[in-house]
Amino acid sequence: MAGMIITVLGARGTIGSRLADQLEERAHDVRRVSRRSGVDARTGVGLREALRGADVAVDCLNHMALRAATAEDFFRGTAQHVVRSARSEGVRRLVCVSIAGAADPAVNRLLGYYRGKAAQEQVYSTSREAVTIVRSTQWYELMDDVLRRASIGPVSVLPTMTVAALSADRAARHIADEIDASVEDLQDRTLTLRGPQTATIREIARTILAARGSIGGRRPRALVQLPYLGQGIAGGGLVPADGIVDDLTLEDWLAAGPSS
Ligand SMILES: NC(=O)c1ccc[n+]([C@@H]2O[C@H](COP(=O)([O-])OP(=O)(O)OC[C@H]3O[C@@H](n4cnc5c(N)ncnc54)[C@H](OP(=O)(O)O)[C@@H]3O)[C@@H](O)[C@H]2O)c1
């Protein structure tokens, strides 16, 4: 349904910016919201105004906290503010962009950030609003951040992490399809997204380094992997068993250039 008013929260971020572009290409009226635009989802300042008259609100907010208490505080608190404000402004559907497997205690035991995502999903799924939870696997673009965090000089010590990554542009396209399909639906929905290949992030890093020579400004000479985030993450707990399988391979994404 073209011509909806859609508030994208976190619209300056990796997925939020791509999703906002996709939705505008489909002739929706998009409100791009973040602290830069004067809206703070943590305090609630500006949120009701940002949601007033909107048909759909999409939560693409992020705060990269490794401690569980900090991550839970951010994701639970922002989700509560969004749900409350959306309810009082009559928003018809809420979409929460989350991570496949992150809510599973066997996966998130050692990663506080994922516990935050679990808290966020819980707020939305128990909100009694019409909600879509997007369970996406990791994006190819995430590797920049992973390498920056895991590198010391010429050595990168990566967590052993098995993923079925896809490109953020393709994830945005599937989320936009879901928004178009779901607005008349009153039921809760789940959109599960994965890419075509299953690999460890070390294998992905090797492929990107071979093609581009660097990742996130790093040129590691040694890529070590250790299961320091636990066996759930190492052994495939982040790989969804079902859902949409996007067909853009890592090699095709690399061949197409930085924004595919
Ligand atoms: N990376 C992946 O591979 C992956 C995979 C699946 C799902 N996800 C999920 O997708 C979501 C978005 O991730 P991302 O990587 O696109 O995020 P990101 O690039 O870090 O962007 C985060 C956005 O949130 C905004 N923001 C942060 N705190 C805010 C606040 N208090 N109030 C209003 N806006 C705020 C930021 O803008 P300002 O700084 O201007 O406020 C920015 O626009 C996350 O929940 C993440 O868990 C990520």
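Both counts, for ligands and for their atoms, begin at 1 and track the order of listing. Only this structure's heavy atoms are used, side chains among them; waters, hydrogens and symmetry mates stay out.
- A salt bridge links R32 with D21; the closest basic N to acidic carboxylate O contact falls under 4.0 Å.
- Around the CZ atom of R109, the shell of radius 6.0 Å holds no more than 12 heavy atoms that belong to other residues, nucleotides or ligands.
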Kindly list each side-chain donor-acceptor pair under 3.5 angstrom involving residues 56-71, sequence neighbours excluded, with atom names and distances?
| unit_1 | atom_1 | unit_2 | atom_2 | d |
| --- | --- | --- | --- | --- |
| D59 | OD1 | L61 | N | 2.9 |
| D59 | OD2 | Q120 | NE2 | 3.4 |
| D59 | OD2 | Y124 | OH | 2.7 |
| N62 | OD1 | Y113 | OH | 2.6 |
| R67 | NH1 | T70 | OG1 | 3.0 |

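- Protein residues are said to neighbour a ligand when one of their heavy atoms lies under 4.0 Å from it; for ligand 1 these are G10, A11, R12, G13, T14, I15, S34, R35, R36, V39, D40, A41, R42, C60, L61, N62, F74, F75, V97, S98, I99, Y113, K117, S136, T137, Q138, W139, L142.
- Shown are I215, L209, I152; of these, the side chain to side chain contact (heavy atoms under 4.5 Å, CB included) with P220 is made only by L209.
- Using a 4.0 Å cut-off between a side-chain N of Lys or Arg and a carboxylate O of Asp or Glu, D144 and R149 do not qualify as a salt bridge.
- A cation-pi arrangement, defined by a distance under 6.0 Å to the six-membered ring centre and an angle within 45 degrees of its axis, is absent between R194 and W139.
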